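Here's the structure, in structure tokens; my notes come after.
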Amino acid sequence: MKVPPQIVRLLIVTVVLVGSYFVAKSLLTPPTFGELGWYRAAALEELAQHKLTYAGKQECEVCHDDIWQMFHAGKHQTLSCEGCHGPAMRHVDDPENEHLLKPGSDQCLRCHQQNPSRPDWYTQIDPEEHLEGECIECHIPHNPTEMPEEEEASSEQ
Amino acid sequence: MTNEVLQTAAQTLPHVSGYVYPNEQNVVWSVLIVLYPYITGLVAGAFILASLVRVFRVTSLEPAYRLCLLTSLAFLLGAPLPLLFHLGHPERCYEAMMTPHMTSPMAMFGFVYAWYLMVVLLLELWFDYRRDFVKWGRVTPGWKGWMYRIFTLGVTDLSEKALHFDHQASKVITVIGIPSAILLHGYVGFIFGSIKANPLWGNVLMPIIFILSAIVSGVALCLFMYMVLCWIRRQPVDMACLDSMARALFAALLVAAAVEGLDWFHRIYEAEESIAILKQLAVGKLFNTLIITQAILGALLPLLLLGFTLLSLTSFFRHRFAHELFPVVRRRIYFLSSVLVLIGVLAMRWNVVIGGQLFSKSLRGFTTYMMELGGHEGWGMAVVLLIFPFVLLAVFIRLFLPEKPPAGGAPTEQSRPAEAAA
């Protein structure tokens, strides 16, 4: 039986289309794609090139060991310093010129404000009902269950 | 105390009411994601209407057969645009095709789309048009002639046997095409239906509802286009064809509305924990689009209009009243119904896509969809993307559905050589 001419032409077109798909696929798939998983393996190296912005908690101990000691005796010990003070890599490299944020009460409320989606064990306060004033007037941020003794105690550093 | 927090939240976020998680405040699947299922639905529906002619031999629809296919093609070519503009980096879209991933229905979209475009629509059109391309190619000068000649792919054999083969092949493709059309659109419904975290979406009926409403909208679009085309060309409308389309529209709409009603009935009876918020959604934020536009204007009214009109065509009615409704009246009613249905289905897509994102997964609060006027996902873009397929269709009609066949021309299109031979 003779194959109809339509089929022959369509087969040619199909082969050309499917073929060019595979050519495109081999050309356009990034070279390191799939080496490690469903992504470009080279992406890891590119990401590693980024400059670090966070120093990590351990770095702070070297110069702020007083705060470090106090911090790890208190209820906030599980927190990260940079969680309140912001990214500190530049500060660690050059503490004299690169200053860090001293967070205000809004930062405390970010974590402690009453919110029904938070678990019960998490200490929450209602700012309207809780005592008046800036949080750090009555709580040492690095050891929040303690009251600051006197003004100098906190401005000593 | 909880109330106070909720009030504080409401003060800071005017578009949010009740309790909403932070990542739910903004509706991220925008109006463009409403358009996408709407347009693919039109594609699938128009194709299925065309398939009635080929597979189910509804010969009265023959005059609209090619229009249906071209409509389907024009809208299929327009369908990926909303998705593309929704992407933050549209220029990277090809990557989904270059690194296919079988576990994600969204990543497979490109292949489903390509299959439907290449293997179903273009092929069916090619077999149907090959004879005309050969003939038009011989008599048309200039670039148009070249285009027709290229479209023949060099197969210029017009013998009885070859034409008979064309006809058979196009039948086979239609048979493959129906499940493909259902796949193309059912899978859009599947993407929504498989999101089990969302009580409005996560529902096995979702793909079915999407397909049914797709058929409804596609048939309505073909009816609409057919009447508009006849009107523009000042041609008489083929009333038998129109009545058949109206019948198809009525039947499809009846089934679709029944299944969607069933879906809500089932939800309400089942009364899962989500039903409270879904009810609030339906009578609150979605009242205008769901109850008014989708249910009343988009389903109930056209059902009544079409129902009574079609009733007047039955022999029972004609015996009683000695006459069916006048064609003029029927045409007006069909036209109005098709427009209503088209708007109703668009509203349905809106209700699913936007509605599903308006309520919180906490089932305790709502957010608001704020649509911009300009912007790459705003009103302007939506209107342009919705008009684009019509422009494309106008071009296709000029090229492939000429009022008079090119000079010296082919015989009238509709006489099927193969059928004459059979």
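Here is the naming used below: chain letters follow the sequence lines, and residue numbers restart at 1 for every chain. In this text the structure is predicted, and so the values were computed from the model without any measurement.
Around the OH atom of A:Tyr122, the shell of radius 6.0 Å holds more than 12 heavy atoms that belong to other residues, nucleotides or ligands. Atom CG of A:Leu79 has more than 12 heavy atoms from other residues, nucleotides or ligands within 6.0 Å. In this structure, A:Glu132 places its CD atom where only 12 or fewer heavy-atom neighbours from other residues, nucleotides or ligands lie under 6.0 Å away. Counting non-hydrogen atoms of neighbouring residues, nucleotides and ligands closer than 6.0 angstrom, the CZ atom of B:Arg149 exceeds 12 such neighbours. Within a 6.0 Å sphere centred on NZ of A:Lys25, heavy atoms belonging to other residues, nucleotides or ligands number more than 12.
Here A:Thr14 contributes atom OG1 and B:Leu123 contributes atom CG; the two are 8.0 Å apart, rounded to the nearest 0.5 Å. With rounding to the nearest 0.5 angstrom, the CG atom of B:Asp157 is 7.0 Å from the CD atom of A:Gln6.
Sorted by first and then second residue, the salt bridge (Lys or Arg N to Asp or Glu O under 4.0 Å) pairs with a member in residues 16-27 of chain B read B:Glu24-B:Lys361; sequence neighbours excluded. Applying the side-chain hydrogen bond (donor to acceptor under 3.5 Å, both in side chains) test to residues at least two apart or on different chains, the pairs with a partner in residues 89-99 of chain A are A:Arg90-A:Glu98, A:Asp94-A:Asn97.
Neither the backbone nor the side chain of A:Leu27 comes within contact range of chain B; no heavy atom of the residue lies under 4.5 Å from a heavy atom of that chain. Contacts of A:Val8 with chain B are absent, with no heavy-atom separation under 4.5 Å from either backbone or side chain. Contacts between A:Ile12 and chain B at a heavy-atom distance below 4.5 Å are absent for every atom of the residue.
In this structure, the side chain of A:Arg9 engages the main chain of B:Leu153 through a donor-acceptor pair within 3.5 Å.
By the side chain to side chain contact (heavy atoms under 4.5 Å, CB included) test, B:Phe111 pairs with A:Tyr21, B:Met97, B:Pro100, B:Met108, sequence neighbours left out.
In terms of heavy-atom pairs under 4.5 angstrom with chain A, the leader among B:Ser362, B:Ala169, B:Gly154 is B:Gly154.
Within residues 31-54 of chain A, the residues having any heavy atom less than 4.5 Å from a heavy atom of chain B are, in residue-number order, A:Phe33, A:Trp38.
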